[in-house]
Amino acid sequence: MLFPMLSDRLDRARWSFSDIDFTKVDKTKVDAELIHDMFHVCLTEVGSIPATAMFMRDFRHDMDFQRFIAIWGYEEGKHSLAIERWLNELGVEVPQAEMEKVNLEFETAPWIETLTMHFLGEQRLGLWYGAFSGIAPGARDRPVPEPVLRQILELMAQDEWRHAGAYFAFLKKAVKEDPASLERIAKMTLWMLRSPGRHPTNITDPSVMGVLPDPNYYRSMLERYMTPEGEKVMEKRVLSCFSILANETVETPRDLSKYLRKHFGAKAVEPIAALV
């Protein structure tokens with residue numbers, strides 16, 4: 001069982017709302033563009049609610065994972081609330097009607113692909129929030145200008161990276177129990193890495209980002225706050241983790257494609273978009 005160990009690890013690192021002094025929000029360092037972006041980040045994070053429901057439905061075979069997801073859902077829920085409280089300090093409300101649009105029902109998908117997709121999603125989102133707050137490799141010289149928001153985004157980035165570590169623990173468990181799952185993990189990893197904007201919130205149909213007022217808000221944010229080097233750092237982390245699973249060094253997406261051909265045949269590298 002992984003949950004007891006993961007629970008202890010998350011407990012030790014968990015932050016509290018008392019750590020954030022929302023009264024110190026510097027309104028002089030906030031403009032309409034930043035409010036627009038954070039409004040949409042808040043709604044995107046509300047997407048953890050339907051994601052939790054999806055996990056509980058599709059992972060009924062693994063109560064160990066379900067117990068972890070109960071904690072994951074709580075910690076992810078704090079993200080949307082922290083951003084909402086920051087917006088409230090600026091006199092901006094997030095209408096419940098907009099939140100309810102995000103409460104989608106996702107179609108059932110193969111669980112190992114879902115697990116892999118979310119492992120990469122947490123790595124990528126940690127990188128994004130880290131870039132926005134200025135702590136991630138590849139962040140531009142000027143992160144978001146408001147200091148309380150930078151603190152919130154840094155806390156969120158650290159959460160996402162810890163969650164990625166937990167997902168990886170379950171991937172290792174899956175491979176140990178069924179080595180054949182490596183092919184499916186490799187295929188999903190390759191598909192996710194082939195586009196730097198892919199994240200679980202924007203690749204389903206319908207998607208969380210797809211129902212937002214501005215579905216493409218994140219693209220302009222990435223252009224403002226991230227450099228291409230940041231994505232390369234994330235890619236290296238992911239492939240280092242895959243190398244552990246495969247017990248074979250895989251350093252680039254091309255290496256991963258070669259790994260699939262070598263171990264599973266040419267058809268193993270065919271597109272897998274139909275699986276998500």
inquiry  = As a quick check of understanding, evaluate side chain to side chain contact (heavy atoms under 4.5 Å, CB included) for Met188 and Leu115, giving each step before the final call.
reply    = CA-CA 10 Å; Met188 177 56 77; Leu115 185 61; over 6 Å; no

request  = Take Ile49 and Val102, measure what side chain to side chain contact (heavy atoms under 4.5 Å, CB included) needs, and give me the verdict at the end.
outcome  = CA-CA 9 Å; Ile49 294 173; Val102 173; over 6 Å; no

query = Can you list the steps and then say if Arg14 with Arg9 is a side chain to side chain contact (heavy atoms under 4.5 Å, CB included)?
reply = CA-CA 9 Å; Arg14 186 169 299 123; Arg9 184 186 300 172; over 6 Å; no

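Here Thr108 pairs with Arg57, Asp58 under the side chain to side chain contact (heavy atoms under 4.5 Å, CB included) rule; sequence neighbours left out. Checked against salt bridge (charged side-chain N to carboxylate O under 4.0 Å, His left out), Arg150 has no partners two or more places apart in sequence or in another chain. Every residue was checked against the salt bridge (charged side-chain N to carboxylate O under 4.0 Å, His left out) condition with Asp255, not counting sequence neighbours, and none meets it. Under the rule for a side chain to side chain contact (heavy atoms under 4.5 Å, CB included), the partners of Asp21 that lie at least two apart in sequence or sit in another chain are Thr23, Lys24. Every residue meeting the salt bridge (charged side-chain N to carboxylate O under 4.0 Å, His left out) condition with Lys262, not counting sequence neighbours, appears here in chain and number order: Glu248. By the salt bridge (charged side-chain N to carboxylate O under 4.0 Å, His left out) test, Glu235 pairs with Lys232, sequence neighbours left out. For Tyr218, the ring pair (Phe, Tyr, Trp, His ring centres under 6.0 Å) criterion is met by Trp128, not counting sequence neighbours.
To the nearest 0.5 Å, atoms OG (Ser7) and CZ (Arg12) are separated by 9.5 Å.
Considering all non-hydrogen atoms of both residues, Trp161 and Gly130 come closest at CH2-CA, 4.5 Å. Heavy atoms only, all atoms of each residue included: Ser48 and Gly77 are closest at OG-N, 4.0 Å. Here the closest heavy-atom approach between residue Pro253 and residue Leu239 is recorded as N-CD1, 3.8 Å. Here the closest non-hydrogen pair linking Gly126 and Ala157 is O-CB, 3.5 Å. The two residues Leu260 and Lys187 make their nearest non-hydrogen contact at CD2-CG, 3.8 Å.
Met54 and Met63 fall into different hydrophobic clusters, where Ile, Leu, Val, Met, Phe, Trp and Tyr side chains are chained together by heavy-atom contacts under 4.5 Å. Under the 4.5 Å side-chain heavy-atom criterion for Ile, Leu, Val, Met, Phe, Trp and Tyr, Leu104 and Met117 are members of the same hydrophobic cluster. Both Val208 and Leu222 are members of a single hydrophobic cluster when ILVMFWY side chains are connected at heavy-atom separations under 4.5 Å. Taken together through direct or relayed side-chain contacts under 4.5 Å among Ile, Leu, Val, Met, Phe, Trp and Tyr, Ile135 and Leu34 form parts of separate hydrophobic clusters. At a threshold of 4.5 Å between side-chain heavy atoms, the hydrophobic network of Ile, Leu, Val, Met, Phe, Trp and Tyr places Val25 and Phe17 in one connected group.
A heavy-atom distance below 4.5 Å is not found between the side chains of Thr201 and Ser207. The closest side-chain heavy-atom distance from Leu81 to Cys42 is not below 4.5 Å. Residues Ile83 and Met156 meet the side-chain proximity criterion, which asks for heavy atoms closer than 4.5 Å. Within the 4.5 Å cutoff, the side chain of Glu160 has heavy atoms near those of the His163 side chain. Counting heavy atoms from C-beta on, the side chains of Leu2 and Met5 come closer than 4.5 Å. Using a 4.5 Å cut-off on side-chain heavy atoms (C-beta onward), Asp214 and His36 make contact. Within the 4.5 Å cutoff, no side-chain heavy atoms of Val175 are placed close to those of Leu171. For the pair Leu155/Ile20, a side-chain contact is recorded, criterion being any heavy-atom separation below 4.5 Å from C-beta on.
With hydrogens and angles disregarded, a donor-acceptor distance shorter than 3.5 Å links the side chain of Arg198 to the backbone of Trp191. Side-chain atoms of Asp64 come within 3.5 Å of backbone N or O of Phe3 as a donor-acceptor pair. Checked by atom type and distance alone, the side chain of Ser16 never pairs as donor or acceptor with a backbone atom of Asp19 at under 3.5 Å. Between the Asn88 side chain and the Val92 main chain, a donor and an acceptor come within less than 3.5 Å of each other. Looking at Asn202, its side chain does come within 3.5 Å of a backbone N or O of His199 through a donor-acceptor pair. Using a distance-only test at 3.5 Å, with no hydrogens or angles considered, a donor-acceptor pair links the side chain of Ser240 to the main chain of Lys236. Panel note: side chain Asn216, backbone Arg219; no donor-acceptor pair is recorded below 3.5 Å.
Residue Met56 qualifies as enclosed at atom CE: its count of foreign heavy atoms under 6.0 Å is above 12. Other residues, nucleotides and ligands contribute over 12 non-hydrogen atoms within 6.0 Å of the CG atom of Asp8. Enclosure of atom CZ in Phe22 by more than 12 non-hydrogen atoms of other residues, nucleotides or ligands within 6.0 angstrom is indicated. In Arg60, the CZ atom is not crowded: 12 or fewer heavy atoms of neighbouring residues, nucleotides or ligands sit closer than 6.0 Å.
Ring pair His40/Tyr217 is tilted by interplanar angle, where 30° to 60° counts as tilted.
No donor-acceptor contact under 3.5 angstrom links the side chains of His263 and Glu183, judged on distance only.
Within the structure, salt bridge (Lys or Arg N to Asp or Glu O under 4.0 Å) pairs that include any residue of residues 33-54 comprise Glu33-Arg224, Asp37-Arg224 (at least two apart or interchain). Pairs passing the salt bridge (Lys or Arg N to Asp or Glu O under 4.0 Å) check and including a residue from residues 87-102, sequence neighbours excluded, read Glu98-Lys101. The salt bridge (Lys or Arg N to Asp or Glu O under 4.0 Å) contacts involving residues 118-129 comprise Arg124-Glu231, where partners must be two or more places apart or lie in separate chains. For residues 99-123, the set of pairs meeting the ring pair (Phe, Tyr, Trp, His ring centres under 6.0 Å) definition, not counting sequence neighbours, comprises Phe55-His118, Phe59-Trp111, His61-Trp111, Phe119-Phe168.
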Donor-acceptor pairs are to be reported for all side-chain atoms of residues 137-149 against protein atoms at under 3.5 Å, with residues two or more places apart or in another chain.
from: Arg140; atom 1: NE; to: Glu223; atom 2: O; distance (Å): 3.1
from: Arg140; atom 1: NE; to: Met226; atom 2: O; distance (Å): 3.0
from: Arg140; atom 1: NH2; to: Glu223; atom 2: O; distance (Å): 3.4
from: Arg140; atom 1: NH2; to: Met226; atom 2: O; distance (Å): 2.9
from: Glu146; atom 1: OE1; to: Trp86; atom 2: NE1; distance (Å): 2.9
from: Glu146; atom 1: OE1; to: Val148; atom 2: N; distance (Å): 3.0
from: Glu146; atom 1: OE1; to: Leu149; atom 2: N; distance (Å): 2.7
from: Glu146; atom 1: OE2; to: Asp26; atom 2: N; distance (Å): 2.8
from: Glu146; atom 1: OE2; to: Val148; atom 2: N; distance (Å): 3.3

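Ring centroid separation for the pair Tyr167 and Phe68 comes in under the 6.0 Å cut-off.
Salt bridge status for Lys78 with Asp159: absent, with no side-chain N to carboxylate O gap under 4.0 Å.
For the pair Arg162 and Trp72, the cation does not sit on the ring face, since its NZ or CZ is not both under 6.0 Å from the ring centre and inside 45° of the axis.
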